[in-house]
Amino acid sequence: WEAELINDSGSYEVFVWYPVSTILAPDALFTINHAGEVDTVIVNQSENGGQWLSIGTYNFAADGSESVTLSDDANIDDYVAADAVMFVSVP
């Protein structure tokens, strides 16, 4: 997902939404590109599905390079899924 930040640069809390399922990976890897930096977060997708889940707060430069990526490199028998990503400005 590429971020189109309405409030320009600054801090944003990043949330992900994925479906409820017990067959989803316990080690889904999200990569957050922000302000020239890259962070990764491992999410257990067999828990907390069907709701917005915060994966952290990051500084964004609003230069068009911001994105969140979900890797499909999980355990061989597990699936990863994602429905949406939300960026919420943090004052």
Side-chain angles (χ1 to χ4, degrees):
W1 296 266
E2 292 182 9
E4 293 185 21
L5 304 174
I6 296 170
N7 294 328
D8 299 319
S9 63
S11 292
Y12 288 81
E13 188 169 6
V14 178
F15 294 84
V16 295
W17 183 293
Y18 50 88
V20 175
S21 177
T22 58
I23 65 168
L24 292 178
D27 60 345
L29 182 64
F30 286 88
T31 302
I32 303 94
N33 293 297
H34 62 101
E37 297 183 32
V38 177
D39 284 296
T40 57
V41 175
I42 297 173
V43 173
N44 182 350
Q45 288 193 317
S46 65
E47 300 176 348
N48 301 311
Q51 61 186 333
W52 288 110
L53 176 71
S54 175
I55 59 170
T57 300
Y58 305 91
N59 288 317
F60 289 92
D63 62 3
S65 67
E66 288 81 15
S67 65
V68 175
T69 305
L70 172 60
S71 169
D72 64 356
D73 189 24
N75 289 331
I76 195 162
D77 294 330
D78 294 323
Y79 299 96
V80 296
D83 293 328
V85 173
M86 176 172 56
F87 300 83
V88 176
S89 180
V90 176

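Owing to the predicted nature of the structure, the values given are computational and were not obtained by experimental measurement.
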Original post:
Are any of the side-chain heavy atoms of S89 and Y12 separated by less than 4.5 Å?
Top reply: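 A side-chain contact under 4.5 Å exists here.
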
Original post:
Taking the side chain from E13 and the backbone from S54, do they hold a donor-acceptor pair closer than 3.5 Å?
Top reply: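 Judged by distance alone, no pair lies under 3.5 Å.
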
Give the cluster check for [X] versus [Y]: same hydrophobic cluster or not, with ILVMFWY residues linked at side-chain heavy-atom distances below 4.5 Å.
X	Y	answer
W52	V20	no
W17	M86	yes
I55	V85	yes

Subject >> Considering all heavy atoms, the nearest A81-L24 contact >> reply: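 So the minimum-distance heavy-atom pair works out to CB-CD2, 3.9 Å.
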
**OP:** Taking all non-hydrogen atoms of both residues into account, name the closest pair between A28 and L70 and its distance.
**Re:**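 The pair with the smallest heavy-atom distance is CB-CD1, 4.0 Å.
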
If I take atom [atom1] from residue [X] and atom [atom2] from residue [Y], how far apart are they, to the nearest 0.5 angstrom?
X	Y	atom1	atom2	result
D27	N44	CG	CG	8.5 Å
F15	T57	CZ	OG1	7.5 Å
D8	D63	CG	CG	11.5 Å
E66	N59	CD	CG	10.5 Å
D83	Y18	CG	OH	11.0 Å

Subject >> Member of V80, T22, I23, L53 meeting the side-chain contact (heavy atoms from CB on, under 4.5 Å) criterion with Q45 >> reply: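 Of all the options given, the one that passes is V80.
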
Original post:
Pick one: which of D39, V68, V38 meets side-chain contact (heavy atoms from CB on, under 4.5 Å) with T31?
Top reply: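 Running side-chain contact (heavy atoms from CB on, under 4.5 Å) over D39, V68, V38 with T31 returns exactly one hit, V38.
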
Subject >> Partners meeting ring pair (Phe, Tyr, Trp, His ring centres under 6.0 Å) with Y58 (sequence neighbours left out) >> reply: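 Partners of Y58 under the ring pair (Phe, Tyr, Trp, His ring centres under 6.0 Å) test: H34.
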
